[in-house]
Amino acid sequence: MTPDGTAYAYSEPTTGTVIVTAASTTGSNDREFFYNSTVSYTDSSACELVTGTSPEQPGIAFRIGSSNNVTTGITITENIYGGAYDVFNVHLWDTSQSPAFTLVAQVAVDGVPIDPESEPLHLCASVTGSTLSFEAWVDGMTPVWQSVALPSDAPASGATGFYAGHIPPGTSSTYTDLTVDGTPNDPLVN
């Protein structure tokens, strides 16, 4: 989505688990989607459990489309800017634009530590019609669903998958318990 140096490497040791590795030459501003491009959804849900090296930025991506070297989508991601790790960002993506992302909303989640970034981080989200709903929590928390209205220019359909961003060079993040619509997901199947 926003390449910065060498792209991430992906491995899928088991169903529902992906390890995302930043090569030593990868910049720290890379953002990428990983997903199964063979299935398209209008409405869907997804969950993940992420551990890694701060300040990696996990997230979930909806309605991912790719045509003529342009990728579009909707994401819910943990904020990393300014150390406000309790904030979650909703963005629309269109790689034909500069910047490739447009902020729709920022939502603070009570109980998620502001700083330092806590791990593991659980994230579940869904898109239904023009609403994105999500819950984010760390161990010991009771999650609470929150909702954001999507703008009229949000993509209407596409793949559902996952987002990896800002993984520090030479480290990796592990995404486990990956599900789409409640089913263990193999996002690297194409």
Side-chain angles (χ1 to χ4, degrees), residues 1-12 17-37 46-66 70-109 112-125 127 132 134 136 138 148 155 158-178 180 185 187-188:
M1 299 305 298
T2 57
D4 183 17
T6 304
Y8 297 144
Y10 296 86
S11 61
E12 190 170 32
T17 298
V18 172
I19 299 170
V20 184
T21 303
S24 60
T25 58
T26 298
S28 61
N29 203 32
D30 196 18
R31 300 172 182 98
E32 299 181 11
F33 296 166
F34 57 103
Y35 59 98
N36 178 340
S37 64
C47 290
E48 65 186 12
L49 173 63
V50 181
T51 57
T53 304
S54 186
E56 91 284 353
Q57 183 181 42
I60 297 173
F62 294 98
R63 299 181 180 168
I64 305 164
S66 187
V70 174
T71 302
T72 57
I74 303 164
T75 58
I76 176 74
T77 62
E78 184 182 28
N79 181 70
I80 63 164
Y81 183 74
Y85 297 110
D86 65 330
V87 173
F88 288 78
N89 302 320
V90 176
H91 286 97
L92 296 185
W93 291 81
D94 181 341
T95 59
S96 70
Q97 303 298 310
S98 182
F101 51 89
T102 302
L103 182 66
V104 172
Q106 292 186 300
V107 180
V109 176
V112 172
I114 294 172
D115 192 16
E117 184 174 23
S118 289
E119 301 213 347
L121 177 72
H122 304 262
L123 179 62
C124 288
V127 170
L132 183 147
F134 77 98
V138 294
V148 172
T160 297
F162 306 93
Y163 168 99
H166 305 286
I167 298 172
T171 69
S172 63
S173 292
T174 301
Y175 289 69
T176 58
D177 298 338
L178 298 177
V180 172
N185 189 256
L188 305 184

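Owing to the predicted nature of the structure, the values given are computational and were not obtained by experimental measurement.
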Query raised in the report: What distance separates Ile19 CD1 from Thr174 OG1, expressed to the nearest 0.5 Å?
Result: 4.5 Å
Query - Between CG on residue Asp30 and OG1 on residue Thr6, distance to nearest 0.5 Å - result: 9.0 Å
Query raised in the report: What's the spacing between Leu123 CG and Ile60 CD1 if we round to 0.5 Å?
Result: 4.0 Å
Report task. Might you point out which heavy atoms bring Val109 and Ala136 nearest each other, and give the distance in Å? Result -> CG1-O, 3.5 Å
Requested in this report: Locate the shortest heavy-atom distance separating Asn79 from Ala84; write the atom from each residue and the value.
Outcome: ND2-O, 3.1 Å
Query - Distance-minimising heavy-atom pair for Pro113 and Ser118 - result: CG-OG, 2.8 Å
Requested in this report: Could you check if a side-chain atom of Thr160 sits within less than 4.5 angstrom of a side-chain atom of Tyr35, using non-hydrogen atoms only?
Outcome: no
Query - Closest approach of Thr75 to Ala61 (non-hydrogen atoms, all atoms of both residues) - result: CG2-CB, 3.9 Å
**Report entry** For Tyr10, all residues meeting side chain to side chain contact (heavy atoms under 4.5 Å, CB included), sequence neighbours excluded
**Finding:** Tyr8, Val18, Val20, Glu32, Phe34, Leu188
Requested in this report: Could you pull out the closest heavy-atom pair between Glu12 and Asn185, with the gap in Å?
Outcome: OE2-O, 4.2 Å
Report task. For the pair Glu48 (side chain) and Gly59 (backbone), establish whether a donor and an acceptor sit closer than 3.5 Å, ignoring hydrogens and angles. Result -> yes
Query - Donor-acceptor contact below 3.5 Å, side chain Asp177 vs main chain Leu49 - result: no
Query raised in the report: Using the ring of each side chain (for Trp, its six-membered ring), is His91 parallel, tilted or perpendicular to Phe101, with breaks at 30° and 60°?
Result: perpendicular
Report task. Answer whether the closest heavy-atom distance between the side chains of Tyr81 and Val87 falls below 4.5 Å. Result -> no
Requested in this report: Carefully, step by step, assess Ile80 and Tyr85 under the rule side-chain contact (heavy atoms from CB on, under 4.5 Å).
Outcome: CA-CA 6 Å; Ile80 63 164; Tyr85 297 110; 4.0 Å; yes
Query raised in the report: Going from OG1 on Thr102 to CD1 on Ile74, what distance comes out if it is rounded to the nearest 0.5 angstrom?
Result: 12.0 Å
Requested in this report: Report yes or no: does Glu56 contribute a side-chain atom to a donor-acceptor pair with the main-chain N or O of Ser54 at less than 3.5 Å?
Outcome: yes
Report task. Examine distances only and state if a side-chain atom of Glu119 and a backbone atom of Gly52 form a donor-acceptor pair shorter than 3.5 Å. Result -> yes
Query - Minimum-distance pair of heavy atoms, taken over all atoms of Leu103 and Ala105 - result: CD1-O, 3.4 Å
Report summary line: Output for pair (Leu178 CG, Phe162 CZ), nearest 0.5 Å, gives 4.5 Å
Query raised in the report: Roughly how far, to the nearest 0.5 Å, is the OH atom of Tyr175 from the OG1 atom of Thr17?
Result: 13.0 Å
